[in-house]
Amino acid sequence: MKHGKFRRPDESGYSFNSAPTQSVQVPVASQPTASNVPALPKVRLVSLDALRGLDLFLLVGLANIYPALTTLLNRFFPKTDIWEKLNYQFCQHSDWTGFTVHDLIMPLFIFMSGATICFSMAKYKKSEENPNPSRTRFWMRFTRRIVLLWIFGMIAQGNLLALKWQGLRLYSNTLQAIAVGYLIATACYFLLSKKWTVITAVLLMAAFWGVMQIGNGGYAKWDNMAEVIDRAVLGRWMDGVSFESDGKWSFSPNYHYTWILSSLTFGVTAISGLLGGQIVKRRRDAGKSGHLTSFILIVIGGICAAGGWFWGKVPETMIWCCPLVKHLWTPSMVLFSSGICYILLGLFHEIYDVLRLPILKTFLVVIGMNSILVYMLPKFVDFSGIARNFVWGLEHHIGDWYSPLVAILGFTFTWFFLYALYKSKKFLRL
């Protein structure tokens, strides 16, 4: 855990002294110079924390609460199937092609990790203000983050804590995808201009598309190059592999997520976030209109989302086809999901950093400022079990209300635990 501070920005984002009411003649020798002008205080962007909070709420909150509510909703509104459709959108991944709200959770997580790079890593980048940044500190922080994300990913979904080689999964989790995307986006931030960063993203998508054209060039389950590569590279360490008593193993016919080839497009999602973060930071540092910044982000998002959607609709008979498949992390899915992320970043920037409206601010920020802890917490603490013990004996009295009550209480306990950490300024930083 590290201690941190959360500061509320003023209307402009910076603090200025009041101007004098009378004109004063200042001697030339006492006029401010570059060396004695006080640095403007850094202000944390509330929008980034709030957007991360929304993302994690969809994962650990709504995805558990809404399914428990479905039975009640169907009882009170029996003549509509809207509740099942909403359950599919908010709590389930698309079966193969297509895109649901629940599918957005992982892309938004990776996008946000890229968006924060230009803020968290700026002090390590050479500039006029910082001609000799510490390379040692950079490499220590960069390496630590990559390693810890990978280890946490193996704890969350790779059976690492089972301490058995059989059943260990090397690459199978969102945190590891974030690590790969973070590595690629950070390299672009330090080594490439914005122009070449965009070109790199295009080349990575082109490389993914090109490899997928090998063989029959299809995107069907099992019958695509991304899955072939995963089975060849990861083998018995691939997620979904099942073992028999004699040690023989086989691939699961129901597991279709890919990781090796998809690492290219994980990088593109993180680069998209990096470019979005740079837009916000560059315009904020230049003192330009926050409203226009929000508008620019939303327009870019609309263009990317439309481009990804229409690319995903190209008929499979055409060589340029690239359906939206979240399991494969196809380039069309990257463009579409990144577009949605840009739109959300623009909206949240307008609400929380420009207009400074308090809409669900504390609720989301408390979650977002401890996002990694929120993701890992259910692996170690069963808050739903605590809630079930808390309302022990009520099930026979409240019937269908019991499951929603347990789900809501479980998340409530989680949130207040995070709130206690937030108030004491304790945050898990990698």
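In what follows, residues are counted from 1 in the order of the sequence shown.
Listed for the Arg169 side chain is no donor-acceptor partner under 3.5 Å among the backbone atoms of Gly158. Judged purely by atom type and a 3.5 angstrom limit, Asn64 has no side-chain atom pairing as donor or acceptor with the backbone of Ala407. Distance alone, capped at 3.5 Å, places no donor-acceptor pair between the Thr143 side chain and the Met140 backbone. Judged purely by atom type and a 3.5 angstrom limit, Gln157 has no side-chain atom pairing as donor or acceptor with the backbone of Asn173. The backbone N or O of Leu170 lies less than 3.5 Å from a partner atom in the side chain of Gln176, making a donor-acceptor pair.
The shortest distance between side-chain heavy atoms of Leu430 and Arg144 does not fall below 4.5 Å. Contact of the Phe411 side chain with the Val60 side chain is registered, since non-hydrogen atoms from C-beta on lie closer than 4.5 Å. You'll find the side chain of Lys361 stays beyond 4.5 Å of the side chain of Arg356, heavy atoms only. Side-chain atoms of Ile110 and Trp329, non-hydrogen and from C-beta on, do get closer than 4.5 Å to each other. For the pair Phe208 and Cys322, the minimum side-chain heavy-atom distance is 4.5 Å or more. Here the side chains of Leu355 and Glu350 are in contact, with some heavy-atom distance below 4.5 Å. Leu204 has its side chain out of reach of Thr265: every pair of non-hydrogen atoms, C-beta onward, lies at least 4.5 Å apart. The shortest side-chain heavy-atom distance between Val280 and Leu45 falls under the 4.5 Å cut-off.
Expressed to the nearest 0.5 Å, how far CH2 of Trp150 lies from CD1 of Ile155 amounts to 14.0 Å. Of the inter-residue distances, the one linking Tyr422 atom OH with Phe416 atom CZ reads 14.0 Å to the nearest 0.5 angstrom. Between atom CG of residue Leu183 and atom CZ of residue Phe266 there is a gap of 13.5 Å, rounded to the nearest 0.5 Å. The line from CD1 of Ile178 to OG of Ser113 is 5.5 Å long, rounded to the nearest 0.5 Å. Between Leu62 atom CG and Phe57 atom CZ the span is 5.0 Å, to the nearest 0.5 Å.
In this pair, Tyr66 and Phe90 present their aromatic rings tilted. The plane angle is within the 30 to 60° band.
Atom CZ of Arg137 has 12 or fewer heavy atoms from other residues, nucleotides or ligands within 6.0 Å. Around CD of Glu316, the count of heavy atoms belonging to other residues, nucleotides or ligands within 6.0 Å does not exceed 12.
Side-chain atoms of His102 and Gln89 form no donor-acceptor pair, as typed in the model, at a separation below 3.5 Å. No side-chain N or O of Ser120 forms a donor-acceptor pair with one of Thr116 less than 3.5 Å apart.
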Go through Thr258 and Asp230 one step at a time and tell me if the side chain to side chain donor-acceptor pair (under 3.5 Å) criterion holds.
-> CA-CA 6 Å; Thr258 59; Asp230 266 29; 5.1 Å; no
Evaluate side-chain contact (heavy atoms from CB on, under 4.5 Å) for Ile151 paired with Met154, printing each intermediate quantity in order.
-> CA-CA 5 Å; Ile151 292 174; Met154 293 186 69; 5.8 Å; no
Passes side-chain contact (heavy atoms from CB on, under 4.5 Å), Arg52 versus Val374? Steps please.
-> CA-CA 11 Å; Arg52 272 196 301 265; Val374 175; over 6 Å; no
Can you list the steps and then say if Gln278 with Tyr189 is a side-chain contact (heavy atoms from CB on, under 4.5 Å)?
-> CA-CA 10 Å; Gln278 287 179 310; Tyr189 175 66; 3.5 Å; yes
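The two residues Ser272 and Ser338 come nearest to each other via the heavy atoms OG-OG, 3.4 Å. Taking all atoms of both residues into account, the shortest heavy-atom contact from Lys126 to Pro131 is CE-O, 3.4 Å. Minimum interatomic distance between Tyr182 and Ile117 (heavy atoms only, all atoms of both residues): CE1-CG1, 3.8 Å. The minimum heavy-atom distance between Pro107 and Met333, with the atom names listed, is CG-SD, 4.4 Å. Of all heavy-atom pairs between Val354 and Ser294, the closest is CG2-OG, 4.1 Å.
Taking the centre of each ring, His327 and Tyr257 come in below the 6.0 Å mark. Taking the six-membered ring where the residue is Trp, the centroids of Trp415 and Tyr419 are separated by under 6.0 Å. With ring centers used as reference points, Trp96 lies 6.0 Å or more from Tyr219. Taking the ring centroids of Tyr375 and Phe152, they lie at or beyond the 6.0 Å cut-off. Aromatic pair Phe413/Phe390: ring centres closer than 6.0 Å.
Considering Val46, Leu364, Asp49 as possible partners of Met369, the one that fulfils the side chain to side chain contact (heavy atoms under 4.5 Å, CB included) test is Asp49. Among the candidates Asp103, Thr97, Thr100, the single residue satisfying the side chain to side chain contact (heavy atoms under 4.5 Å, CB included) test with Lys326 is Asp103. Just one residue in the list Tyr342, Phe310, Trp311, Trp309 forms a ring pair (Phe, Tyr, Trp, His ring centres under 6.0 Å) with Phe336, and that residue is Trp309.
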